[in-house]
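A short write-up of the structure that comes next.
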Amino acid sequence: MSPVNNYVVPEEGSEVNDSLKESVKKEYSKLARQISVEGSSSCCGGSAGQRKCDPITSDLYQSDQSAGIPSEILLTSLGCGNPTALADLNPGENVLDLGSGGGIDVLLSAKRVGPTGKVYGIDMTDEMLALARDNQKKAAIDNVEFLKGEIEHIPLPDGVVDVIISNCVINLSVNKDRALREAFRVLKPGGRLAVSDMVFRGTMPDEIRKNVELWIGCVAGALEEEDYMSKLEKAGFIDIGVEPKRVYSLEDARDFLKDSGVDIDNLATLVDEKLMSAFVRATKPNSR
């Protein structure tokens, strides 16, 4: 029996911003439909029709890291990094991908953990789940399971996975404390969190933070670096680290701020060299 079958999803708390969550859900459902029709996409920054040249999602997967995955699947990336290239995955391990989207990182992880391991992917949109399962069939990979759910309410019991990965998704959560507590809960003692995410150095300007379009575009929801580390520690994690992988320039900032309705000339300089795609890692202690 799958461990999923024994789990009861908790009731949603009133602190969750349902309106913003629905906006994110609507946008990524639309992106999944677009991918199904056009065969490619690119994630964060601007509306679905403007994502093709986004600096946040370009050149994420190298050929030596993605061998065996059909090229058309790699073109459906919606991330800001490549956690599977950075996470230490071993044969036989169980892995969970938070916000698995089209399933690329699930499929790449499944190849690394081998037939004795298993990889779960969780996503809250039916359209993304359908896309992921279609990609699974194309890749002919069996040791995966895609689940419908939210990262704030992971549909798995306590202590069942060795590694949690995620690719530019935790920044989209409207309740990051709960999402990190849930990640801690489903990890085995000694388990690892190894995620790619958007992180901000310094203080995020309020005009960006309050912009729904930029939140959906993986910018406004980025945690400030010290806040991210503090939330991980509060959730119970140890050995916390934030490693910059790509720091965005002034010109990059102008690109992902366009069409957002903000004062680009003013805000781009405040974001220059402060917004980054980072590899965030942490460990669940063997005992508390």
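Fair warning: this is a prediction, and the values are worked out from it, not measured in the lab.
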Might you point out which heavy atoms bring [X] and [Y] nearest each other, and give the distance in Å?
X: A222; Y: F200; result: CB-N, 4.4 Å
X: V169; Y: G99; result: CG2-O, 3.4 Å
X: L129; Y: K148; result: CD1-CB, 3.4 Å
X: G102; Y: L131; result: CA-CD2, 4.0 Å
X: A253; Y: A268; result: CB-O, 4.0 Å
X: V106; Y: G121; result: CG2-CA, 3.8 Å

So, do [X] and [Y] sit near enough that their side-chain heavy atoms are less than 4.5 Å apart?
X: D197; Y: Y228; answer: yes
X: E127; Y: K30; answer: no
X: E182; Y: E150; answer: no
X: K234; Y: L180; answer: no
X: L187; Y: F237; answer: yes
X: S100; Y: M128; answer: no
X: N143; Y: V113; answer: yes
X: V280; Y: L232; answer: yes

Test log, rule side chain to side chain contact (heavy atoms under 4.5 Å, CB included), inputs L250 and T269: CA-CA 6 Å; L250 177 62; T269 57; 4.1 Å; yes
Please determine whether side chain to side chain contact (heavy atoms under 4.5 Å, CB included) holds for the pair H153 and R178, giving the CA-CA distance in whole Å, both sets of side-chain angles, and the decisive distance to 0.1 Å. CA-CA 8 Å; H153 306 303; R178 177 176 285 173; 3.2 Å; yes
Does atom CD (E233) have a neighbourhood of more than 12 heavy atoms from anything else shown, all under 6.0 Å?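 Count not over threshold, so no.
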Starting at [atom1] of [X], measure out to [atom2] of [Y] and round the result to the nearest 0.5 Å.
X: L108; Y: I141; atom1: CG; atom2: CD1; value: 7.5 Å
X: R185; Y: L156; atom1: CZ; atom2: CG; value: 7.5 Å
X: E224; Y: T203; atom1: CD; atom2: OG1; value: 5.0 Å
X: E251; Y: D272; atom1: CD; atom2: CG; value: 9.0 Å
X: N94; Y: K188; atom1: CG; atom2: NZ; value: 5.0 Å
X: N167; Y: D97; atom1: CG; atom2: CG; value: 7.5 Å

Identify, with sequence neighbours excluded, every residue that meets salt bridge (charged side-chain N to carboxylate O under 4.0 Å, His left out) alongside R281.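 R281 satisfies salt bridge (charged side-chain N to carboxylate O under 4.0 Å, His left out) with E243 only.
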Could you work out, with salt bridge (charged side-chain N to carboxylate O under 4.0 Å, His left out) as the rule, every residue matching D239, not counting sequence neighbours?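 Partners of D239 by the salt bridge (charged side-chain N to carboxylate O under 4.0 Å, His left out) criterion come out as none, since no residue qualifies.
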What do the steps show when you test I154 against L98 for side chain to side chain contact (heavy atoms under 4.5 Å, CB included), and what is the final call? CA-CA 9 Å; I154 298 173; L98 301 180; 3.7 Å; yes
Non-neighbouring partners of I238 that pass side-chain contact (heavy atoms from CB on, under 4.5 Å), sequence neighbours left out: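 T283, P285.
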State whether the side chain of R133 and the backbone N or O of F146 hold a donor-acceptor pair below 3.5 Å, judged by distance alone.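 Checked: pair present.
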Step-by-step side-chain hydrogen bond (donor to acceptor under 3.5 Å, both in side chains) determination, D252 to S249: CA-CA 5 Å; D252 292 331; S249 68; 3.2 Å; yes
Take I151 and L172 through the test side chain to side chain contact (heavy atoms under 4.5 Å, CB included) and record every step on the way to the result. CA-CA 10 Å; I151 66 172; L172 293 170; over 6 Å; no
Ion pair present between R181 and D177, side-chain N to carboxylate O less than 4.0 angstrom?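 Looking at D177 together with R181, the answer is no, because their closest N to O distance does not fall below 4.0 Å.
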